Structure formats: structure tokens, C-alpha cells
There are 2 protein chains.
Amino acid sequence: MYEAINRYIGLCANFTPGETSYFNSLLQFRKVKKKTLLLQEGEVCNFEAFVNKGCIRNYYIDENGAEVTLQFAIEDWWVSDIASFHDRKPSHMFIETLEDCEILVLTPETKEELLHKVPKFERMFRLMVQRNLSRMQERLFQTISTNATNKYLDFLERYPSIPQRVAQHYIASYLGMSPEFLSKVRTRLAKK
Amino acid sequence: MYEAINRYIGLCANFTPGETSYFNSLLQFRKVKKKTLLLQEGEVCNFEAFVNKGCIRNYYIDENGAEVTLQFAIEDWWVSDIASFHDRKPSHMFIETLEDCEILVLTPETKEELLHKVPKFERMFRLMVQRNLSRMQERLFQTISTNATNKYLDFLERYPSIPQRVAQHYIASYLGMSPEFLSKVRTRLAKK
DNA sequence: CCTGGCCATTGAACCAGGACAAGAAAATGA
DNA sequence: TCATTTTCTTGTCCTGGTTCAATGGCCAGG
């Protein structure tokens, strides 16, 4: 149950067995069915979840009702709305399971306790957020500078397992194009 | 020289006067002239800079030579390529002063020393990166979901001082549109 | 006080991708 | 199993934004 997450934290810093098992003791294990909303716009996000199994996405909905997917979180990813989680303020995001999932959850309280007792975890979370940020920077750059076909090709390369797991229109909403157009891109690519 | 940055760190955590002045002693003060490249693609970023005075931008250049501005850093902002800085790997970014600047600089060594001696700073850097990340998430959402006019209006609201300080085509490259089109957007808005 | 080099503006032609609609295919579930 | 819903495809038309080119304003440096 904790192998994956312990492997993950091991890559960020060296923790003693005691620290690791203390960390594990703070995590809540949850099974969640497909198509469950873990967070809705307006709610305060009260979790940071590590995905043990399954696939989760977070997305925004714009004023026309169109969804923009921010992230697909699969095995070994964290998912949360950190801004809402950290500042205890209402979120603008939705977080939804796309498959039956198993997750390990920290709450604001358990995270605070963890950081207080084992400050070394500050570093882990900093590294985690840093990686996220620089990924986000690349993504913004790509969103602005690249056309639909290349965005899709790049997505395939970067996340080869996702297209087999999630519906195509979610990918379109991640790439910032209409589902119809993604379909056209795909047929064009297939013809070559 | 240190008022601004000490105010900044004070908002993140409580530091003793000793910790604060130790922190200050690690910072390098630098004056940099307008239009200086602090970082070029291919170089390893060896600084995290706090802007005491002036305006700095970081940007990417895409395969067609078009610039995409990621951020304008003015007073009280940090600027760096964290991915390159942290992993000591070549950057894809450019960082350039747009005005004569005064900055306070941490190097990988001084930052490491700081974190080692005063681990409380881990938290400060985590919060800094977190804020950056959630800002980036909003921005990606807006980039995908909003039209040019609203992007510009939103920019004016969020960064009212920037348009008076930097050339318009930099703003266009931040907003992900051509300078010509930003100009057209502006005249349209002015007519109302 | 010129002058050369940005910079912003404007217009015309063009195009990548969106919106809409209608079917086909696939997944879901009773 | 069949029926219903969801997803994907395909075609047509449309538009927001790009590209290219020309013009004029504005400094900054000699």
C-alpha cells in the first residue's frame, strides 16, 4: 500500500524508517469510484492526494461552460488545488476521478503535523511543487507557440499511456482545442 | 537595501533578527543596466534574484524565432529558471532586464548554505513556488479559455503598472498574441 | 538639429481552428 | 440482450487572430 509513495519520497530526500512509517501513519487510504468529484468549484480543497492506482483529472470550467483540463494525475502523481488547500479558500477547480482509484490522502492538519514533526518534508513538498511549476511553464509556452498537431504529438510522446485510458475529449480539453478538431488532427495524422 | 526583501520574507515565516541578518549577509547586491541578458538559452541558471528595483522579464524563443514572455518581474518579485537552477542543467529560457535594475542574488551555493543553516527558509521557498504555480495554473486556464480582448483587459487589471513601463510588443508576447493584433484590440477598446 | 532605428498603427489577404449539425460507433446499464 | 447515452467522426461554414507590407511617430546618438 505504501511502496509507491515511499519510493516517491525516497527520491526527494533520505528519510529514516521511523520517519517513513510516521509519514505513512498520517496518510488516509481511500478507494474512490470512477466519475467521482473529489472537489468542486466553491469548495475548499481539504486534501493532497497521492495516486496509488487510477486516473484523476483536475479542470476549470469557463464562463461558457467549456472545460479546461489542467492535469491528468495517474500512478505516482499528487493531485490537489494547492492554493485552496494552503490558504483555506474556495477553489475554482474541479477534481474528478476518471477511473476507480486508490489514493493516499493528507489533510491540512496531517500535513501541518508532518511538517512540524519532520521538517525535512518541507523539502520534499518544495521539490514537488517546483517540478510542477517548471512543467507548467513549459506547458504554457507550448500552448502559446505550437499548433494543434504538434501539441497532440507532443502529448502522445510525453504521456503515452493516457490516450488509452481516458476519453479523447478530455485530451482535447487538456490541449486547448475542440474535440472535433482533435479528431480531425488525428485522422490527418493517420493518413500519413 | 534589505527592507523590501526582509518585508517579503517576514510575510512567509517569523525569522529572528539573527536569522534575517544572516540571510542578508548571503545575498549579493547587483546593479544591472537595461537590456542586459542575465541568462541565455543553453546556460545553466546560477541565480535566484529578488528585484529591488527595476523590471525584468523571462521568455522563451520558439522554433520560428518568436518570443513568448513568461513573466514580468518587478519590485518584490523573484526571478530565475528554477528548473535549471535546481538541477544544474541548461536552461531553455532567456532572462533580460527591461530597465536599469537593482537585484539581490542567491547562488546555488548560498541558497544551499542558507537552507542548511536555517531550514525554516525551506518553507519560504515552498510558499514562493506555490504561489507561482497557482498563478501559472490560472494563467494557463486564461490563455486557453479567453479571447484576446479579455486577456488584455485582465492584464491591465492585474498588472496596472506594467503597461507604463514596458514596450507593448512585450505585453503581446506575454499574452500570446501578435503585436499587431494587440494594437488592434487597443484601438477597438479606445473607441468605446 | 538631423538621422537611423525601433515601435505602434492600419489595412488587406489569408488561415487555423471553432461552432454547428448529423451520423456512426462504442460503451453502459437495466 | 437491447436500449440509451456517450463518444467519435465528418462536412460546411465562419471568425478571431496572423502575416505581410506600408506609414508615421519617437527617441537616442552623433
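Proteins get letters first, then strands, A, B, ... in listed order; numbering begins at 1 in each. Just so it is clear, the structure is predicted and the values come from calculations on it, not from any experiment.
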**Prompt:** Near B:H86 NE2, under 6.0 Å, is it more than 12 heavy atoms from other residues, nucleotides or ligands?
**Reply:** yes
**Item:** Integer-rounded Å distance: D:dT9 C1' and A:K191 NZ
**Value:** 11 Å
**Asked** What nucleotide, of D:dT9, C:dG18, D:dG17, holds the atom closest to the side chain of B:F181?
**Response** D:dG17
**Request:** Could you check how far NZ of B:K34 sits from P of D:dA28, rounded to whole Å?
**Result:** 7 Å
**Prompt:** With respect to the side chain of B:K184, which nucleotide from C:dG11, D:dT7, C:dC7 is positioned closest?
**Reply:** C:dG11
**Request:** Mind calculating the distance between CD (A:E67) and C1' (C:dG18) to the nearest angstrom?
**Result:** 17 Å
**Charged N-O contact under 4.0 Å between A:R57 and A:E67** = yes
**Asked** Among C:dG17, C:dC7, D:dT9, which is the nearest nucleotide to the side chain of B:K35?
**Response** C:dC7
**Request:** Please state how far atom CG in B:N147 lies from atom P in D:dC14, giving the value in whole angstrom units.
**Result:** 21 Å
**Message:** The side chain of B:M177 is closest to which nucleotide in this list: D:dC20, D:dT18, C:dG17?
**Reply:** D:dT18
**Partner residues of B:Y170 under the ring pair (Phe, Tyr, Trp, His ring centres under 6.0 Å) criterion, sequence neighbours left out** = none
**Item:** Residues A:K111, A:E48: salt bridge by 4.0 Å N-O rule
**Value:** yes
**Request:** Name the nucleic acid region contacted by A:S178, choosing base, sugar-phosphate or nothing; use a 4.0 angstrom heavy-atom cut-off, strictly under.
**Result:** sugar-phosphate
**Request:** Please list residues of residues 164-172 of chain A whose heavy atoms come under 4.0 Å from any atom in DNA chain C, ordered by number; otherwise none.
**Result:** none
**Prompt:** Once you round it to whole Å, what is the distance between C1' of C:dT28 and CG of A:D100?
**Reply:** 14 Å
**Message:** Please report the distance, rounded to the nearest Å, between CD in B:E180 and P in D:dG16.
**Reply:** 18 Å
**Asked** In whole angstrom, what separates B:L175's CG from D:dG17's P?
**Response** 11 Å
**Prompt:** Looking only at side-chain N and O atoms, does B:R186 come under 4.0 Å of OP1 or OP2 in C:dT9?
**Reply:** yes
**Request:** Decide, yes or no, whether a salt bridge links A:E99 with A:R165 under the criterion of side-chain N to carboxylate O below 4.0 Å.
**Result:** yes
Which atom pairs, one a donor and one an acceptor, fall under 3.5 Å between side chains of residues 174-186 of chain A and the rest of the protein, sequence neighbours left out?
unit_1	atom_1	unit_2	atom_2	d
A:S178	OG	A:F181	N	3.2
A:R186	NE	A:Q168	OE1	3.2
A:R186	NH1	A:Y152	OH	3.0

**Request:** Output yes when A:E19 and A:K120 qualify as a salt bridge under the 4.0 Å nitrogen-oxygen rule, no when they do not.
**Result:** yes
**Between D:dT10 (C1') and A:R188 (CZ): distance, integer Å** = 12 Å
